[in-house]
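Reviewing the structure listed below.
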Amino acid sequence: KMSAREKAIIELQQGGIGVMPTDTLYGLVGSARQPATVEKIYQLKGREKDKPLIVLISSLDDLSSLGVKLTPAEKAVCADYWPGPVSIVLSCPLEKLDYLHRGTKTLASRLPADPDLCSFIRQTGPLVAPSANPAGAEPAQTIKEARGYFGEKIDFYLAGQEPLVGQASKLIRPTADGRIEVLRP
């Protein structure tokens with residue numbers, strides 16, 4: 001019999017959306033490689049269309065598959081902060097990834113320190129993972145709260161340790177001269 005985790009992996013590979021624990025909070029997760037999935041997450045959250053979602057990756061290779069070519073300075077910053085709860089904004093100029101970067105030509109991603117989560121992402125591919133709440137509401141700390149928000153509109157719920165009280169990741173951007181700009185503490 002398949003575990004809930006294995007089922008969730010298959011759902012995500014097939015373009016499904018679910019709620020599961022990330023390294024910070026419960027996330028509303030879907031494949032970053034599937035434009036229709038990403039759009040559906042914007043609709044479910046009622047999120048501003050021009051605000052990009054953060055992408056969870058399992059390795060730097062995932063970044064190159066998303067069209068992100070790291071400069072040596074960016075590579076050094078990634079090495080300093082990853083794996084960990086810091087999302088890093090990197091250049092992502094590809095037109096065809098407009099559905100991810102929303103015209104900003106940048107992508108914020110994070111390599112979680114949780115080995116279980118990384119092995120999960122290795123199987124699903126990169127995931128967009130905004131917090132599990134509609135825009136303006138408090139992030140869900142339990143599956144029950146998440147169900148209250150999304151009900152049957154999504155494909156799965158995967159429970160973690162509850163209540164899951166984390167905080168949104170720190171968001172930074174490396175500057176051309178090798179400094180760090182903190183966009184969200």
Output side-chain donor-acceptor pairs under 3.5 Å for residues 150-161, partner residues at least two apart or in another chain, one line each.
from, atom 1, to, atom 2, distance (Å)
D155, OD2, I17, N, 2.8
Y157, OH, G151, N, 3.2
Y157, OH, G151, O, 2.7

### Query
Quick one: do the R122 and S58 side chains pair a donor with an acceptor below 3.5 Å?
no

### R33 and T124 side chains, donor-acceptor separation under 3.5 Å
no

[atom1]/[X] to [atom2]/[Y] distance, rounded to the nearest 0.5 angstrom?
{"X": "K7", "Y": "M2", "atom1": "NZ", "atom2": "CE", "result": "6.0 Å"}
{"X": "L12", "Y": "T37", "atom1": "CG", "atom2": "OG1", "result": "8.5 Å"}
{"X": "K105", "Y": "L100", "atom1": "NZ", "atom2": "CG", "result": "12.5 Å"}
{"X": "S64", "Y": "I57", "atom1": "OG", "atom2": "CD1", "result": "9.5 Å"}
{"X": "R5", "Y": "S119", "atom1": "CZ", "atom2": "OG", "result": "4.5 Å"}
{"X": "K170", "Y": "Y81", "atom1": "NZ", "atom2": "OH", "result": "5.0 Å"}

### Summary
In terms of heavy-atom contacts, G67 and P93 come closest through O-CD, 4.1 Å

## Note on the structure
Heavy-atom closest pair (A146 atom, A140 atom, distance to 0.1 Å) is N-CB, 3.6 Å

### Query
In this structure, are over 12 heavy atoms from other groups packed under 6.0 Å from R179 atom CZ?
no

### Query
Within a reach of under 6.0 Å around NZ of K49, are more than 12 heavy atoms found that belong to other residues, nucleotides or ligands?
yes

### Message
Using the rule that Ile, Leu, Val, Met, Phe, Trp and Tyr join whenever any side-chain heavy atoms are under 4.5 Å apart, tell me whether L63 and L107 fall into a single cluster.
### Response
yes

For residues [X] and [Y], determine if any side-chain heavy atom of one lies less than 4.5 Å from a side-chain heavy atom of the other.
{"X": "I180", "Y": "T175", "result": "no"}
{"X": "V89", "Y": "T104", "result": "no"}
{"X": "I172", "Y": "S87", "result": "no"}
{"X": "M20", "Y": "F120", "result": "yes"}
{"X": "I143", "Y": "V19", "result": "yes"}

### Message
Consider side-chain contact (heavy atoms from CB on, under 4.5 Å). Of N133, I41, T22, which one does L28 pass it with?
### Response
I41

